[in-house]
Number of protein chains: 2
Amino acid sequence: MIKIAIADDHTMFVDGIESILQKEDDMEVVGRCFDGEEVIHFLKSNTIDILLLDVNLPKMNGIEVCEKTLAKYPNVKILAISMFNEESYVSEILNKGALGYILKNTGRVELIKAIKTVNTGKSYFSKEVTQTIMNGLLKQRKKSQNKKAFYPKISKREKEVLALIIQEHTTQEIAGKLFISLKTVESHRSSLLAKMNARNTAGLVRIALEHKMLE
Amino acid sequence: MIKIAIADDHTMFVDGIESILQKEDDMEVVGRCFDGEEVIHFLKSNTIDILLLDVNLPKMNGIEVCEKTLAKYPNVKILAISMFNEESYVSEILNKGALGYILKNTGRVELIKAIKTVNTGKSYFSKEVTQTIMNGLLKQRKKSQNKKAFYPKISKREKEVLALIIQEHTTQEIAGKLFISLKTVESHRSSLLAKMNARNTAGLVRIALEHKMLE
DNA sequence: ATATAACTAGGGGAAACCCCTAAAATATGA
DNA sequence: TCATATTTTAGGGGTTTCCCCTAGTTATAT
């Protein structure tokens, strides 16, 4: 028996889901919460398998609820439900550990499927949401690609030095590892600063990591 | 008219695609390449809109071809085609700028749709591929989530200092910005090094970025 | 063949790092 | 609520690293 709690501030919506799930004989709705704080409180005295969580909740929003819930009860599977197919929402709540994300216009067949999938520990996204995530992913790739193309001209030796810097080695250690003088390493560092337009080591590391210049 | 080139080392497959595309009166196959080097050579004397690119090509694999092609001809839209729904393949070729990825068992209707979608500059993935990418994404999220939980105890002030360090500000500048003494900032830096288990600024920045400790 | 870039290296000064102490302000917990 | 812990503040003083400048030698490419 899959124990389910529903968290949504619209009574009719909660009732609707509940009536759908009542027809499933391996599912049981054991809790209803109408705001975020209620969820936290409810879980203190109840065990559930799945939390159907609206992203826009009063008092404490779904993203926060998701984070807090999983921090205390990592075995709860969270299926996010939202009116909005917004990339920022989707991305945030997934980062907090939600396993799935479906929209409120999802039909009963898909809802059941989503719950069953999530219950096995797998992720589930409705196809509109999938599209949204993929678009976001593509944007990121394009961004980091552009950036990457901007700083290509780092020599082999400089790359070695850069890698060792990022691994927290001091200039002296790098000199030892590469069998060159300390002053030579310092010289490479200067070239790196100039080429990468960095003011100091911090910038060097940040730019190198942002642009994925290693590998 | 959409000008298309096909790059695949299996003649029958190339012929198959071509016969499908012949029936479309807004598409024209203008080139056939049977290995990677041929593609590069072909593009020197021909202009195309879309390159249907097999990931596993002789002489030069699809990933490399993709990179080289887009470096010279950024307007070419690349639709990757592969036997394998392997996350590493998909991820790599998308990073190199391919717009879409479909499998070789794709039917003609979907192939046409994919080409038309990619031709407008949008991305297209068959649903199996989408699933693969999403799984990869989820794995990554779980990883970075674990890491994040490991270093939580950085105070508000320390976070401010850390952020300014990463923005390449010197200790003196940070002191000025926060209206505190240089020695205080040094003190915060020391605490940061200790808390984050870093040996120096480079490590500080790397760890902070890896674990996304800002925001 | 001759620039251009890469690798090497040193001098000098500034900045960061490291050890310490220490007081006031806040948070936390029992 | 009161004691304890953490955070934020700040300094002294010495060591190391970093950064800038110059400069010679070797690859690399056009």
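Order of the sequence lines sets the chain letters (A, B, ...), proteins ahead of strands, with each chain counted from 1. The analysis underlying the following values was restricted to heavy atoms, covering all of them including side chains, and did not include hydrogens, waters or symmetry mates.
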Select base, sugar-phosphate, or nothing to describe what B:Ser187 touches, counting heavy atoms under 4.0 Å on all strands.
base
Verdict with supporting geometry, A:Leu52 and A:Ile115, side chain to side chain contact (heavy atoms under 4.5 Å, CB included)
CA-CA 9 Å; A:Leu52 299 182; A:Ile115 290 176; 4.2 Å; yes
Check whether the side chain of B:Lys183 and the base of D:dG13 form a donor-acceptor pair under 3.5 Å.
yes
Do the side-chain N or O atoms of A:Gln172 get closer than 4.0 angstrom to the phosphate oxygens (OP1, OP2) of D:dT16?
no
Please report, rounded to the nearest Å, how far the C1' atom of C:dG10 is from the CZ atom of A:Arg189.
17 Å
Nearest to the side chain of B:Leu193, which nucleotide is it out of C:dC7, C:dC18, C:dA9?
C:dC18
Working for side chain to side chain donor-acceptor pair (under 3.5 Å), residues A:Thr170 and B:Arg199:
CA-CA 9 Å; A:Thr170 64; B:Arg199 295 180 62 196; 5.1 Å; no
Salt bridge or not between B:Glu186 and B:Arg189? Use side-chain N to carboxylate O under 4.0 Å.
no
Atom pair distance, as rounded to whole Å: CG in B:Leu182 and C1' in C:dC17
12 Å
Any side-chain N or O of B:Thr184 under 4.0 Å from OP1/OP2 of D:dT7?
no
Return the value, rounded to whole Å, for the distance between atom CG of A:Leu204 and atom P of D:dT17.
17 Å
Would you kindly give the CD-to-P distance between B:Glu158 and D:dT9, to the nearest whole Å?
10 Å
With DNA chain C as reference, determine whether A:Ser191 or B:Glu186 sits nearer its 5' end, using the nearest nucleotide of each.
A:Ser191
Below the 4.0 Å mark, does D:dG11 have OP1 or OP2 next to a side-chain nitrogen or oxygen of B:Ser181?
yes
Between A:Ile174 and A:Leu164, which heavy-atom pair has the shortest distance, and what is it?
CG1-CB, 3.7 Å
Please report, rounded to the nearest Å, how far the P atom of C:dA27 is from the CZ atom of B:Arg157.
14 Å
Heavy-atom nearest nucleotide on DNA chain D for A:Arg199 versus B:Lys156: which residue maps closer to 5'?
B:Lys156
Heavy-atom nearest pair, A:Ile165 first then A:Val205, reads CG2-CG2, 4.4 Å
Gap between atoms CD1 and C1', on A:Ile174 and C:dC7 respectively (whole Å)
15 Å
A:Asn197 CG to D:dC19 C1', in whole Å, measures 15 Å
Just to be sure I understand the rule, does A:Thr170 reach a base, reach only the sugar-phosphate, or reach nothing, if contact means heavy atoms closer than 4.0 Å?
sugar-phosphate
By nearest heavy atom, map B:His169 and A:His188 onto DNA chain C; which one lands nearer the 5' end?
A:His188
With respect to the phosphate group of D:dT7, does any side-chain polar atom (N or O) of B:Lys195 fall under 4.0 Å of OP1 or OP2?
yes
Nearest whole angstrom, please: distance from the P of C:dA9 to the CZ of A:Phe179.
13 Å
